[in-house]
Amino acid sequence: QVQLVESGGGLVQPGGSLRLSCAASGTIFNINAMGWYRQAPGKQRELVATITSGGRTTYADSVKGRVTISRDNAKNTVYLQMNSLKPEDTAVYYCKAAIASPPGWGVYDYWGPGTQVTVSS
């Protein structure tokens, strides 16, 4: 009943910026923590940033100072503003959310299908 859909990925030159969005839809009682992960070809999926329902944020050291995670609770949406992008930021970016939903109104983890970010000149 719940799905996450990412948007905003694309091709950008080194030093450029992108803003990713992830919107959750379906039967939702509450969204707890949300986060962004990324996976480059041949590499392990890694955490980029997280944000709690109260707005507390954490960032991976590799992106700290260059990215900002935020959320709009009324829209069930989380954003990732990325600046000063580097070629090593190239990856598929995935949205994850812990959501209270059926069955049983327990908390389940949901993942979006991912959006490609390519940083290249």
Side-chain angles (χ1 to χ4, degrees):
Q1 296 188 44
V2 176
Q3 69 172 19
L4 304 178
V5 179
E6 303 97 337
S7 62
L11 176 64
V12 64
Q13 293 184 334
S17 299
L18 283 175
R19 186 176 186 244
L20 307 183
S21 299
C22 172
S25 62
T27 303
I28 298 171
F29 175 73
N30 185 59
I31 301 179
N32 296 327
M34 305 184 78
W36 288 94
Y37 296 73
R38 67 185 183 186
Q39 187 167 20
K43 300 189 68 176
Q44 193 90 19
R45 185 174 298 186
E46 63 179 358
L47 184 146
V48 178
T50 63
I51 184 168
T52 68
S53 60
R56 185 162 56 188
T57 60
T58 61
Y59 298 94
D61 289 340
S62 59
V63 301
K64 192 173 299 183
R66 300 188 296 116
V67 309
T68 301
I69 189 171
S70 61
R71 63 191 287 171
D72 185 334
N73 291 330
K75 297 181 178 180
N76 291 331
T77 300
V78 63
Y79 306 93
L80 188 71
Q81 177 68 48
M82 303 189 292
N83 303 318
S84 301
L85 285 165
K86 306 174 181 179
E88 51 263 44
D89 294 319
T90 296
V92 177
Y93 283 70
Y94 298 92
C95 175
K96 180 185 177 182
I99 299 175
S101 65
W105 295 103
V107 178
Y108 302 89
D109 289 336
Y110 294 89
W111 290 87
T115 185
Q116 177 71 46
V117 172
T118 302
V119 184
S120 176
S121 59

Novice: Using a strict cut-off of less than 4.0 Å between a Lys/Arg side-chain nitrogen and an Asp/Glu carboxylate oxygen, indicate whether Lys64 and Asp61 qualify as a salt bridge.
Specialist: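 Counted as a salt bridge, because a side-chain N and a carboxylate O are separated by less than 4.0 Å.
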Novice: Please report the interatomic distance CD1(Ile51) to OH(Tyr59), rounded to the nearest 0.5 Å.
Specialist: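 Ile51 CD1 to Tyr59 OH: 7.0 Å, rounded to 0.5 Å.
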Novice: Are Gln3 and Tyr110 side-chain neighbours, meaning at least one heavy-atom pair lies under 4.5 Å?
Specialist: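 Heavy-atom side-chain distance check fails, nothing below 4.5 Å.
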Novice: Which heavy atom of Gly10 sits nearest to which heavy atom of Leu18, and what is that distance?
Specialist: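 Result for this residue pair: O-CD1, 4.0 Å.
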Novice: With sequence neighbours left out, which residue pairs that include part of residues 7-25 fulfil the side-chain hydrogen bond (donor to acceptor under 3.5 Å, both in side chains) condition?
Specialist: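 Counting only pairs at least two positions apart or across chains, the side-chain hydrogen bond (donor to acceptor under 3.5 Å, both in side chains) contacts touching residues 7-25 are Ser17-Asn83.
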Novice: Please check if the side chain of Glu46 supplies one atom and the backbone of Arg38 the other of a donor-acceptor pair under 3.5 Å.
Specialist: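 No, Glu46 side chain to Arg38 backbone: no donor-acceptor pair under 3.5 Å.
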Novice: Going hydrophobic residue to hydrophobic residue with side-chain gaps under 4.5 angstrom, can you get from Val2 over to Val107?
Specialist: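 No, separate clusters.
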Novice: Out of Leu80, Val67, Val63, which one pairs with Trp36 under the side-chain contact (heavy atoms from CB on, under 4.5 Å) rule?
Specialist: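 Running side-chain contact (heavy atoms from CB on, under 4.5 Å) over Leu80, Val67, Val63 with Trp36 returns exactly one hit, Leu80.
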Novice: Main chain of Gln39, side chain of Arg45: is a donor-acceptor contact present, judged purely on distance under 3.5 Å?
Specialist: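 Answer holds: no.
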Novice: Are Ile69 and Met82 connected, step by step, through hydrophobic side chains (Ile, Leu, Val, Met, Phe, Trp, Tyr) whose heavy atoms are closer than 4.5 Å?
Specialist: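 Hydrophobic grouping puts Ile69 with Met82.
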Novice: Can you tell me how far CG of Asn73 sits from CE of Met34, rounded to the nearest 0.5 angstrom?
Specialist: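 One gets 8.5 Å once the value is rounded to the nearest 0.5 Å.
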Novice: Could you check whether atom CZ of Phe29 has more than 12 heavy atoms from other residues, nucleotides or ligands sitting under 6.0 Å from it?
Specialist: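 Open.
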Novice: For the hydrophobic clusters of this structure (ILVMFWY residues joined by side-chain heavy atoms under 4.5 Å, transitively), does one cluster hold both Val12 and Val48?
Specialist: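 Linked, Val12 and Val48 end up in one cluster.
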Novice: Show me the donor-acceptor pairs within less than 3.5 Å that the side chains of residues 113-121 make with the rest of the protein, sequence neighbours left out.
Specialist:
from	atom 1	to	atom 2	distance (Å)
Thr115	OG1	Gly9	N	3.3
Gln116	NE2	Ala91	O	3.4
Gln116	NE2	Thr118	OG1	3.4

Novice: Report the distance from atom CD1 of Ile99 to atom CG of Asn32, rounding to the nearest 0.5 Å.
Specialist: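 Rounded to the nearest 0.5 Å, the CD1-CG separation comes out at 9.0 Å.
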Novice: May I ask you to decide if Ala33's main-chain N or O and Arg71's side chain share a donor-acceptor pair within less than 3.5 Å?
Specialist: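 Not confirmed, Arg71 side chain does not pair with Ala33 backbone.
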Novice: Verify whether one side chain among Ser101 and Thr27 offers a donor that lies under 3.5 Å from an acceptor in the other.
Specialist: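 No pair is found: no donor N or O on one side chain lies under 3.5 Å from an acceptor on the other.
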Novice: Does the side chain of Glu6 reach to within under 4.5 Å of the side chain of Tyr93, using non-hydrogen atoms?
Specialist: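 Answer no - side chains too far apart.
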Novice: Please answer: with hydrophobic residues joined when any side-chain heavy atoms are less than 4.5 Å apart, are Leu20 and Val92 in the same cluster?
Specialist: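 No, it is not one cluster - the side chains of Leu20 and Val92 are not joined through contacts under 4.5 Å.
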Novice: Would you please name every residue forming a salt bridge (charged side-chain N to carboxylate O under 4.0 Å, His left out) with Lys75, sequence neighbours left out?
Specialist: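 Lys75: no salt bridge (charged side-chain N to carboxylate O under 4.0 Å, His left out) contacts found.
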Novice: Within the structure provided, determine whether Leu4 and Trp111 are in side-chain contact (heavy-atom separation under 4.5 Å).
Specialist: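 Answer no - side chains too far apart.
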